[in-house]
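Presented below is the structure to which this report refers.
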Amino acid sequence: MVRAHLVAQITEALAKAQAAGDLPPLPKINITVEHPRQAEMGDYATNVALQLARPAKMPPQKIAELISRHLSIPDTQAIFPASAGRGPAFTAEVVGGFINFRLTPACLACAVEEIIRQDARWGTIDLGKGRKAQVEHGSANPTGYATIATGRNVVVGDTLANTLEAAGYQVHREWYINDAGSQVRIFGQSVFARYAQALGHDEPLPERGYLGDDVKEVGALIAAREGDRFLRMPKEQAAREIGQLGIDLVMERIKHTMARLNIRYDNFFSEKSLWTSGLGEQMLNLLRARGLVIEHDGALWFSEDGSPIRSGQGSLRSEEEYTETHDDEGKPLPVQAVLIRSPRVIPNPEERPTYFASDIPYAWNKVMIRGFNPAIYVWGEDHQGDVPRLYAAARALGLPEGAIRIVIYRFITLMSGGQEVRMGKRKGNALLIDDLLDEIGADAFRYIMLSRSIDTKFAFDLDVLKQQNDENPVYYIQYGHARICSIERKALEEGWETAAPADGLRYDHPSEQALIRKIMQLPEIVELVATTLQPHHYTTYAREVAGAFSKFYEDCRIKGSPPEVAYARLMLARATRLTLARTLRLMGMTAPDRM
RNA sequence: GCCCCUAUAGCUCAAUGGAUAGAGCGCCGGCCUCCGGAGCCGUAGAUCGCAGUUCGAAUCUGCGUAGGGGCACCA
């Protein structure tokens with residue numbers, strides 16, 4: 001709200017100072033306004049004078065004073081159109097080369113009024129301007145129930161989707177089903193083995209088969225539903241058909257798990273469909289026509305610049321060829337070539353050439369056919385090597401710059417007996433989301449998943465989490481919300497709420513003002529998450545809002561205060577409730593009325 | 001070997017290149033005639049190492065050290 005106005009005022013003052021000859025002509029700089037760490041330095045500050053010191057050949061303090069002299073201070077109405085006649089919005093002060101801005105108490109009061117006016121709209125911004133965006137998340141192999149590794153993926157993805165929605169995008173949520181390829185085949189064989197075992201046959205699991213209990217359960221379920229009819233057909237066919245049934249059962253269960261997590265999808269997209277629809281071949285032909293597909297020893301390679309593969313190399317697996325090179329400035333150079341079809345794969349509509357090959361038509365489908373921009377991919381760090389390839393493919397296909405954005409998050413490891421263990425679906429040692437939800441519930445799960453930056457790995461210690469459950473910040477935040485609801489209920493019952501004072505609300509207490517400053521930041525936080533795609537900022541912010549409210553609640557009585565004070569405080573409590581509720585909802589958590 | 005990510009308080013994590021690096025948990029010490037004590041206040045405690053860029057570095061660059069991931073006809 002306020003920030004954009006400040007930037008505009010500073011820009012104007014800078015231009016005026018130059019026009020008046022106080023400052024020499026200067027190069028254009030990026031004018032930023034930030035929150036000073038120290039409250040004594042005001043609510044906002046700009047460092048323009050420090051940035052201009054060198055080009056202007058003047059001391060920063062002097063520049064700041066000159067700019068400040070040309071600064072016009074707007075009335076609150078300029079920022080909050082509904083609030084007229086409340087005086088200037090802020091004061092400006094030059095300290096050590098910074099220009100510090102402090103919102104006037106009247107302006108803080110206008111902010112509270114504005115938040116209440118916006119009500120359910122509070123926290124929405126218009127960054128997207130109605131454009132279509134997609135967040136693809138989840139997308140684990142349908143070869144087992146959802147694990148907590150997928151949990152991080154979906155919670156991050158869903159929160160980003162919520163954020164983009166709040167930021168004014170029309171958001172589509174998609175799960176990509178990797179229902180093609182060899183893992184699916186092995187999964188089918190594994191389910192078949194468990195199925196046969198359930199029917200009393202001594203059928204061994206395939207090599208590198210899936211060992212988890214979930215696959216056992218799926219096999220037994222199919223045995224119970226379908227009887228022994230699959231035992232009377234060729235094993236290969238049985239494994240394929242049972243594999244499909246298994247995928248369906250697994251996806252059903254995953255959808256159920258997602259619903260428990262308060263996550264819904266607009267679409268589940270089948271990888272296989274990219275090839276059965278013919279789009280895959282179409283894209284390969286398009287790339288071939290552009291000279292970007294190379295045939296070598298019967299294999300098909302994608303090469304961004306069409307450069308030939310070195311002769312004598314039957315495969316690009318050698319280090320030299322596969323390594324992503326960097327130029328002198330450290331900028332990545334294009335990957336030389338990526339395998340898209342092996343000579344060993346017999347073309348088969350149920351098989352797709354390679355995993356990467358599917359990414360090409362999928363990207364096209366997202367951006368060119370369905371018109372998503374941005375199309376956001378939420379990927380685990382095991383896909384990190386695919387990032388430059390997908391970008392290369394996007395460039396080769398001529399997708400608009402920036403249409404594809406990839407979010408990489410670090411893995412979750414499991415603490416077991418003081419040791420970190422990497423989970424694996426095939427190994428069957430992965431912790432399932434459902435089991436964890438039984439223990440701690442969806443709100444705590446989502447909060448925990450969001451509480452760490454996606455760039456840091458997460459060592460998951462179940463015992464510690466269970467133990468900490470009661471003192472989790474989740475409850476502190478939700479408690480703040482529930483407490484406000486309780487206050488509002490009581491205020492209604494006991495009739496504390498009087499008429500609004502004619503000349504507007506007033507907040508003189510430091511704890512009131514600190515709380516207002518905090519809740520006012522919500523749109524900035526939404527913008528921050530929408531642009532950085534780092535959702536952990538919400539957890540920090542929610543904790544801060546709840547903390548500021550607790551302090552306010554300790555210091556400032558509502559009940560029993562003079563009517564005007566009580567009214568203003570009640571409104572502040574309401575604005576805080578709206579802020580907490582929105583933040584919790586962005587995180588996909590509930591905002592309970594009572595606990 | 002090459003590429004990506006990470007290293008901040010005893011522990012788990014924050015900090016759009018800004019001013020005195022913040023929280024939670026844990027430790028120690030205070031606060032309930034009162035709107036919900038799942039709370040509030042206070043004490044102690046930290047930027048992996050060495051250079052560099054910058055008016056200013058936890059943040060950017062280089063070289064180390066330690067950990068994770070990737071460089072599959074797995075996904």
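Computed over heavy atoms, backbone and side chain alike; hydrogens, waters and symmetry mates excluded. Chain A is the first sequence line, chain B the second, and so forth, proteins listed ahead of strands; every chain is numbered from 1.
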Same-atom distance (C1') from U54(B) to G18(B), integer angstrom: 12 Å
Rounded P spacing from A58(B) to A75(B) in Å: 45 Å
Strand-adjacent residues in residues 477-486 of chain A, judged by heavy atoms under 4.0 Å from RNA chain B: Y479(A), A482(A), R483(A), S486(A)
Close residues, residues 562-575 of chain A, relative to RNA chain B [heavy-atom separation under 4.0 Å]: none
Work out how far the C1' atom of A23(B) is from that of C63(B), and round it to whole angstrom. 34 Å
Residues N178(A) and Q183(A): side-chain donor-acceptor under 3.5 angstrom: no
Considering Watson-Crick and G-U wobble pairs with both distances under 3.5 Å, what does A7(B) pair with? U65(B)
Between G10(B) and C27(B) - P atom distance, rounded Å: 16 Å
Using only heavy-atom distances, decide whether a donor-acceptor pair under 3.5 angstrom links the side-chain of Q384(A) to the base of G69(B). yes
Check for me whether the distance between the ring centres of H383(A) and Y355(A) falls short of 6.0 Å. yes
For C74(B) versus G68(B), give the span between their P atoms, rounded off to a whole number of Å. 26 Å
Which of T159(A), T590(A), T539(A) passes side chain to side chain donor-acceptor pair (under 3.5 Å) with R446(A)? Answer is T159(A)
Whole-Å P distance, G64(B) and A9(B): 25 Å
Distance between P atoms of C3(B) and U20(B) (Å, rounded): 38 Å
Donor-acceptor pair, N47(A) side chain versus F98(A) backbone, under 3.5 Å? no
Angle between ring planes, Y377(A) versus W379(A), binned at 30° and 60°: parallel, tilted or perpendicular? perpendicular
Using 30° and 60° as the class boundaries, would you call the ring planes of H35(A) and Y44(A) parallel, tilted or perpendicular? tilted
Parallel, tilted or perpendicular: rings of Y210(A) and F187(A) (30°, 60°): perpendicular
Between the protein and nucleotides 54-57 of chain B, which nitrogen or oxygen pairs come in under 3.5 angstrom?
unit_1	atom_1	unit_2	atom_2	d
C55(B)	OP1	R54(A)	NE	2.9
C55(B)	OP1	R54(A)	NH2	2.3
C55(B)	OP2	R54(A)	NH2	3.1

May I ask you to verify whether the side chain of E554(A) and the base of C40(B) hold a donor-acceptor pair under 3.5 Å? no
